[in-house]
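Side-chain atoms are counted along with the backbone in the values below, which use heavy atoms only and exclude waters and symmetry mates. These numbers come from a predicted model, not from an experiment.
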Amino acid sequence: MGLVKLVVFGFLFLSVIYLSISIYSRSVRREKLEKQWDADNPGGEQADRDTYVEEGMAKYESGFRKKLIVLVYIVPTVAIVAILYLTNAN
């Protein structure tokens with residue numbers, strides 16, 4: 001029963017961390033794109049800026065950095081399984 005609790009609460013905890021990191025990463029990327037547009041095109045049109053930012057965010061969604069956030073689930077799970085195995089292997 002203890003293992004079931006660990007799995008359920010661990011998954012919920014990791015999900016909260018994953019969502020937090022994902023939201024933060026998206027906001028940082030959006031802000032970077034906005035600043036880059038402002039630096040490259042001073043006094044540019046708002047519609048062009050919005051299009052530029054949306055295209056950049058579409059690239060981010062299919063990029064490698066977004067996929068790395070999934071390691072939030074993988075690394076702790078592997079660590080816990082390894083610890084449990086090494087502890088009970090004797």
Kindly give the cluster partners of M1, where membership spreads through any ILVMFWY side chain lying under 4.5 Å from a current member. none
For R30, the salt bridge (charged side-chain N to carboxylate O under 4.0 Å, His left out) test, sequence neighbours excluded, returns E54
Given a cutoff of under 4.5 Å between side-chain heavy atoms of I, L, V, M, F, W and Y, with clusters grown through shared members, what are the other residues clustered with V16? none
With E31, which residues qualify under side-chain hydrogen bond (donor to acceptor under 3.5 Å, both in side chains), at least two apart? K35
Under the rule for side-chain hydrogen bond (donor to acceptor under 3.5 Å, both in side chains), what residues qualify as partners of N41, not counting sequence neighbours? none
Partners of D48 by salt bridge (charged side-chain N to carboxylate O under 4.0 Å, His left out), sequence neighbours excluded? none
Y52: which residues meet the ring pair (Phe, Tyr, Trp, His ring centres under 6.0 Å) condition with it, sequence neighbours left out? W37
Extract all donor-acceptor atom pairs below 3.5 Å that involve side chains of residues 77-85 and protein atoms in other chains or at least two apart in sequence.
unit_1 : atom_1 : unit_2 : atom_2 : d
T77    : OG1    : Y73    : O      : 2.6

By side-chain contact (heavy atoms from CB on, under 4.5 Å) - contacts of V75 (at least two apart): L71
Partner residues of L12 under the side-chain contact (heavy atoms from CB on, under 4.5 Å) criterion, sequence neighbours left out: V8, F9
Partners of E34 by side-chain hydrogen bond (donor to acceptor under 3.5 Å, both in side chains), sequence neighbours excluded? none
Applying salt bridge (charged side-chain N to carboxylate O under 4.0 Å, His left out), name anything that partners E61, two or more places apart in sequence or on another chain. R26, K66
If every non-hydrogen atom of V53 is compared with every non-hydrogen atom of L33, which pair is closest and at what distance? O-CD1, 3.7 Å
